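No experiment lies behind these values; they were computed from the predicted model shown. For the numbers below, each heavy atom of this structure counts, side chains included, while hydrogens, waters and symmetry mates do not. Throughout, a chain's letter reflects where its sequence line sits, starting with A, and its residues are numbered from 1.
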Amino acid sequence: MDLTYTPEQDAFRKEARAWLEANVPAAPLPSFDIAEGFEAHRAWEKKLHAGGYAMVPWPVEYGGRGSDLLEWLVFEEEYYRAGAPGRVNQNGIFLLGPTIMEVGTPEQKARFLPKMASSEEVWAQGWSEPNAGSDMAAIQSTAIRDGDHYVINGQKTWASRGAYAHWLFGLFRTDPDSTRHKGLSFILSPLDLPGITVRPIQKINGKAAFAEVFFDDVRVPAENLLGEEGAGWNVAMATAGFERGLMLRSPARFQSTAARLVDLYHATVERGDPVAPGMRDRVARCWMDAEAYTLNTYQTVTRLLSGGKIGAEASLNKIFWSELDIEIHEAALELLGPRAELDPRSPAAGDAGSWLDGYIFALSGPIYAGTNQIQRNIIAERLLGLPRK
Amino acid sequence: MDLTYTPEQDAFRKEARAWLEANVPAAPLPSFDIAEGFEAHRAWEKKLHAGGYAMVPWPVEYGGRGSDLLEWLVFEEEYYRAGAPGRVNQNGIFLLGPTIMEVGTPEQKARFLPKMASSEEVWAQGWSEPNAGSDMAAIQSTAIRDGDHYVINGQKTWASRGAYAHWLFGLFRTDPDSTRHKGLSFILSPLDLPGITVRPIQKINGKAAFAEVFFDDVRVPAENLLGEEGAGWNVAMATAGFERGLMLRSPARFQSTAARLVDLYHATVERGDPVAPGMRDRVARCWMDAEAYTLNTYQTVTRLLSGGKIGAEASLNKIFWSELDIEIHEAALELLGPRAELDPRSPAAGDAGSWLDGYIFALSGPIYAGTNQIQRNIIAERLLGLPRK
Amino acid sequence: MEFGFSEDQLLLQQTVRDFLAGECTPEWVRGQWQTETGRSPEFWSQLSELGLPGLLVSETQGGLGMDETDLVLLMEEIGRVGLAEPLTATAVGVGLLRSLGDASLADAWLPKVAAGDAILAVAHPASPFVADAHVADLLIASDGDSLHALPRAALRLEAQTSNDGSQRLFRVDFDARDETRIATGREARALEAAALDRGALCSAAQALGACDQLIALAADYAGQREQFGVAIGSFQAVKHMLADVRVKLEYARSHVYRAANSVANDATGRSVDVSMAKIAACEAALLAGRVSLQVHGAIGYTYEQDVHVWMKRAWSLDLAFGDAVFHRARLAAGVIDRSLPAESFGYSHPQRVPTPTAGLG
Amino acid sequence: MEFGFSEDQLLLQQTVRDFLAGECTPEWVRGQWQTETGRSPEFWSQLSELGLPGLLVSETQGGLGMDETDLVLLMEEIGRVGLAEPLTATAVGVGLLRSLGDASLADAWLPKVAAGDAILAVAHPASPFVADAHVADLLIASDGDSLHALPRAALRLEAQTSNDGSQRLFRVDFDARDETRIATGREARALEAAALDRGALCSAAQALGACDQLIALAADYAGQREQFGVAIGSFQAVKHMLADVRVKLEYARSHVYRAANSVANDATGRSVDVSMAKIAACEAALLAGRVSLQVHGAIGYTYEQDVHVWMKRAWSLDLAFGDAVFHRARLAAGVIDRSLPAESFGYSHPQRVPTPTAGLG
């Protein structure tokens, strides 16, 4: 055990901090859930890419920096320290990118990864369907082979970034007679093909975070199959492992949110606003839990660097960060008192800031990437050995 | 809605208070989970009976006072206010007594109720069996009719008061070919019959709160069948309704415990011992929840007095009081700090008192009288209409 | 001693429930979010025909002459449909005007309120924002010492945007004048305290209704939605989450009903009773929002589905007329500092009573 | 940067686990409850052969020369079997003697400790009761200003009875003399603080083991016990309760391992790191006790079943070397008053950073 950074890691941190301080936009960008914000965030991604920071843990040949996961953690720490924009390209960086690197053909790597790295192409997720939410194996959308194309029919929903993205990845049933986990394939589809209709879905704050995507005899070239035909479930599980396990929520995100909560606590006390007596311990606890998440991630990275894998432990992770995110935001809203419900642009909003938006976002945490109920089943069955039925 | 007491109720309160102040033992009795304490508590029950306070809500003819449920609540408030002993006869007063009044024959009422009221006969519960806990319908013990007797074989467990009681009531399978809820009968059995072996079971603090009772060809007279043969499940459900719903945990019990918690808070602060900043709100919250339980009970009693019934709402009750009891005791143990683990007779125990024993008792709350998991199923299925399967 | 409602009270509740179920649909509520004031004079007329704004106004002044034990049952229904017309503001205003030593203001305004021709509101320092000040014909507010009754023209309003489209909030400013002063010093503070309690009670009762509706939406959805080949409502995880909310609702209701009685009778423990009601009911509604969202999953997270309509009501009701921090502090002050337990319902706690160390069971 | 254990460390842990599984059965632990001292010199010899009492003693003094990152793995195993021999007391004593400016006491005692011939203990004001003082050959305690090293004969012990039969607690009194004084003022306080941290760390690590064992007992029982025709472990209610404990255990472990590193290296944030470890680990173990009891149902509530052996360990470990109130206060003092967040692991928080209001996701 050695919890100090190497001189190389310290140097990289310094370099990243300097670059970010020089380049992070002074004013927050508009939300990437509106068209203008989407483009602004894409421009930021391109700037990151030009600076060599877009895909820190990716190999250099695909547009990355070739860093190991520890350097990635260092970068994330600096990224959040700098208050840099959210990653509109997250689906590419952390989910599809690693999946293509693992199972893609050399041609697919060459075709997709560099444009993903440069955010020339931004990706949407296409997992869920109206009748396949927690039960993803209930997917009904079909992709039937016809010569050198797949013909896709069906409907995907909750496609995050779907309203403005260029491409979508997801599971489709290539064997129409199959059921459940079998006969599914992982297919990459442009979103501008004839027969595709994208309908944005607003989340509860009215912003279009997702889309429904309808496929009506859409012809996708067969080379867009990722992995073997019929092996889609396993490919998707690898992707979901990345999502739940490590890269979707870097620890610095929660460290920075917890640190902002400490700031808010001090500001509230200084202003003389009422604060519940227990809030002091509650704020400290949020900070402690963000620390736990960080430490645990460093453990996981250490394990991965020495050849370990993320297994069902990813489910522990998903539950912990999603509940932590809600805890932190609920504490902040209590500190804000009557201002908690105000739009930040309200004249009396003061330092209410984005806590409410953050809370609304946090509320989706226990639902997406597999509900926390599903994660608890996985923990009980796979880590504790309880019977499935 | 009228939340004031009538002059009659006020007068009864005054009378009960005076009697209790004159008669409640100055020193606590030994635990009724040891032989000596059992007899001391039985003596106290006899004194109560002589004073006319043993069975406040029972009809006068069976040894009760003939009070309505509101007067019973008033009595309980005064009983806890006086710090009077626990009711060793509880199984009789609140569970079996009302059941016999509801379904017993005139002979059974005359035979059993007066001796129950006077605590000449103390009753044990005989619901559970080793393989029938939460799943009470899995009962295997049999009672086979043989002439004018039932011949009982099998094993009951967790018989509360079983170590020292005189009689046991419970469900037995009178139709050996039946399964689940059918073919069960509610039978009353003396505990001194040939073929009965009583093995005390110690609870986690080492005290014999329960017993296992083994039946080996035990012959019980057929007149000890309560209700119809084969109708035992319904009779038992009525009893369980009393248990979960109202009488097992009178509100004053929690009001007095919460009030003692407030005392403990003040004593701890006055002594200058460390107190968590949030403890103030936590103590107040315990008090508030005890108040909620009280108010809800008064609502239930009002409904019962105008002809209503306790249905699945009893399950709300069971969950609320059992969790409240744990909350209060956990707050108290935190206030006691390092003394929380001490036996009250330890030289340094100070005012640690019986909080730890109370906590251990409270921990059984979510388990017995139907686990809280079972209660949640009942609420979801019967009050919210969720599907059973 | 009788802790329940009369048949008449329950009948009126049912009547209002039926009326609102027909008129005040989620679509209608969401439609109101889009209008400038968020309030509908036409609908206010209909509510007036039912007698709701004048419920607390005496019969001689054209009202129903009822009290807060009637009012809470109807406020539950208001909360059940997520309605945000200024019924709370008006009830609080009526309560205040009725309590003034000088009856002239009450005589002038209450008949108009009962007729549906006037809307009242009261500002309280516990809440920096006043709901419905933009539609109030008369607003009562403090200048720090005295209370003033202010016609709309005397007010300067600064609109704030709430996350809850139903909630219309304003910061209020005005010039205190002698002719607007209606009470001073101790009397003013007592009136203000009573106004806060009445407003908090109404908010708590609405939270009960919102909670109940959020449970109902989730139970309904869980009974229909299938995953893994069965209705998700058959999963224990779903059942137990909802059961826990139902438990909270049950006991919150007891607090709210008692607090209604305490406000109606200006009982000794009124403020603590109201704080307990507000804490319990809003906590239940907030939990119901989270659980209902979780049961619905992604669909519940969309704007087009209705869960958020009530979830946002729960959030704004929780902040109205004193937030949780305010009410918890008031509760603790009552229980801890003034040792209220001696006055606990029915039970009276002797000083440092000897406790039985045996015979738990 | 490497946050993990070496193969050697994990191998030693496995060796100790295997040894304890064979020797230190629940029956044996419960047997110890009945003995006068609750401690077994024979078993202490066996532990000494494994090197456990002398783990922190340098190799030149006959010990293993290891540090707290080794120690916590073994303390987890100690907790897993519910063992309560004075290993914590001794580790704390060794740590303190090693840190004294004057090496003579360490030279005199540590070889004896490593050989299994001496038991040490340290008193700390955060815990009014000293565990294992009755078997300590040398106890270090403060007279308010100075630390004193006291042979057993110099102590007056008053035994307290813990609910946990494994825990033997004593109030300690002694006459401070010049010849027993080993440190004063600032140095004494620093030594005392380090002793507390080392003791709290050992307690936290044991709590991890107890937690893990309570989960294992419940999972095992739930896989076997049938009700309603199926194993109760197939019910979501059971699964989810246990999964929640498993989550807590996972993150508590991270805190404990980091705290071990902080104690071993006397890192800047050592005390806060230890408090976080103590809070998280004990909370996990306490929850595990409640959940394990609930999963077992009535059988778990009996004395003859073993759940309570670990549940009581969780209770007493929670109170040892600073209870939760103490550690939460120390955490809050670190995070809130001294604004420790700026030193958060890896991440450093700028003063009032501008936050992105957009692009959550």
Please give me the minimum heavy-atom distance between A:Pro387 and D:Ala231, naming the atom from each residue.
CG-CB, 4.0 Å
Would you call D:Tyr347 and A:Ser256 a side-chain contact if the rule is heavy atoms closer than 4.5 Å?
yes
Does any backbone or side-chain atom of A:Leu3 lie under 4.5 Å from a heavy atom of chain D? Answer side chain, backbone, both or neither.
both
Interatomic distance, A:Met288 atom CE to D:Ile279 atom CD1 [nearest 0.5 angstrom]:
5.0 Å
Hey, does D:Ser348 have a side-chain heavy atom less than 4.5 Å from the side chain of A:Arg13?
no
Measure across A:Leu295 and D:His255 and return the closest heavy-atom pair with its distance rounded to 0.1 Å.
CD1-ND1, 3.7 Å
Candidate pair A:Arg280 and D:Asp337, rule side-chain contact (heavy atoms from CB on, under 4.5 Å), full reasoning
CA-CA 10 Å; A:Arg280 183 181 154 84; D:Asp337 301 337; 2.9 Å; yes
Cut-off 4.5 Å, heavy atoms of chain A, and the answer for D:Ile215 is side chain
Contact class of D:Ala280 relative to chain A, heavy atoms under 4.5 angstrom
both
Applying ring pair (Phe, Tyr, Trp, His ring centres under 6.0 Å) as the test, list every pair that has at least one member in residues 205-245 of chain D; sequence neighbours left out.
D:Tyr221-D:His296
Heavy-atom distance under 4.5 Å between the side chains of A:Leu305 and D:Glu2, does that happen here?
no
Is there a side-chain contact between D:Arg246 and A:Leu316 in this structure, where contact means two heavy atoms from C-beta onward sitting under 4.5 Å apart?
yes
Contact part of D:Gln236 toward chain A, heavy-atom cut-off under 4.5 Å: side chain, backbone, both or neither?
side chain
Show the nearest heavy-atom pair for residues D:Ser254 and A:Asn296, with the distance to one decimal.
OG-ND2, 2.9 Å
What distance separates A:Ile379 CD1 from D:Asp244 CG, expressed to the nearest 0.5 Å?
7.5 Å
Nearest heavy-atom contact between D:Thr69 and A:Met1 is CG2-SD, 3.9 Å
Do A:His266 side-chain atoms and D:Ile336 backbone N/O form a donor-acceptor pair below 3.5 Å?
yes
Please classify the contact of D:Glu283 with chain A as side chain, backbone, both or neither, using a heavy-atom distance under 4.5 Å.
side chain
Under 4.5 Å to a heavy atom of chain A? For D:Val230 that would be neither
What salt bridge (Lys or Arg N to Asp or Glu O under 4.0 Å) pairs are there with at least one residue in residues 326-336 of chain D, not counting sequence neighbours?
A:Asp281-D:Arg328, B:Glu334-D:Arg328, D:Asp197-D:Arg330
Can you tell me which residue pairs pass the salt bridge (Lys or Arg N to Asp or Glu O under 4.0 Å) test with a partner in residues 253-262 of chain D, sequence neighbours excluded?
A:Glu291-D:Arg258, D:Glu76-D:Arg253, D:Asp212-D:Arg253, D:Arg258-D:Asp273
Given that the side chain runs from C-beta out, which part of A:Tyr265 has a heavy atom under 4.5 Å from chain D: side chain, backbone, both or neither?
side chain
Minimum heavy-atom separation for A:Arg388 and D:Lys239, please, with both atom names.
O-NZ, 3.3 Å
Are A:Val301 and D:Met1 packed together at the side-chain level, in the sense that at least one heavy-atom pair is separated by less than 4.5 angstrom?
no
Under 4.5 Å to a heavy atom of chain D? For A:Arg303 that would be neither
In short, D:Phe345 meets A:Gln255 closest at the heavy-atom pair O-NE2, 2.8 Å
Stepwise, does the side-chain contact (heavy atoms from CB on, under 4.5 Å) test hold for A:Asp263 with D:His349?
CA-CA 10 Å; A:Asp263 286 349; D:His349 183 56; 2.8 Å; yes
For chain A, find its close neighbours in residues 4-14 of chain D: heavy-atom separation under 4.5 Å, sorted by number, or none.
D:Gly4, D:Phe5
Beyond-backbone contact of D:Glu250 with A:Phe320, side-chain heavy atoms, under 4.5 angstrom
no
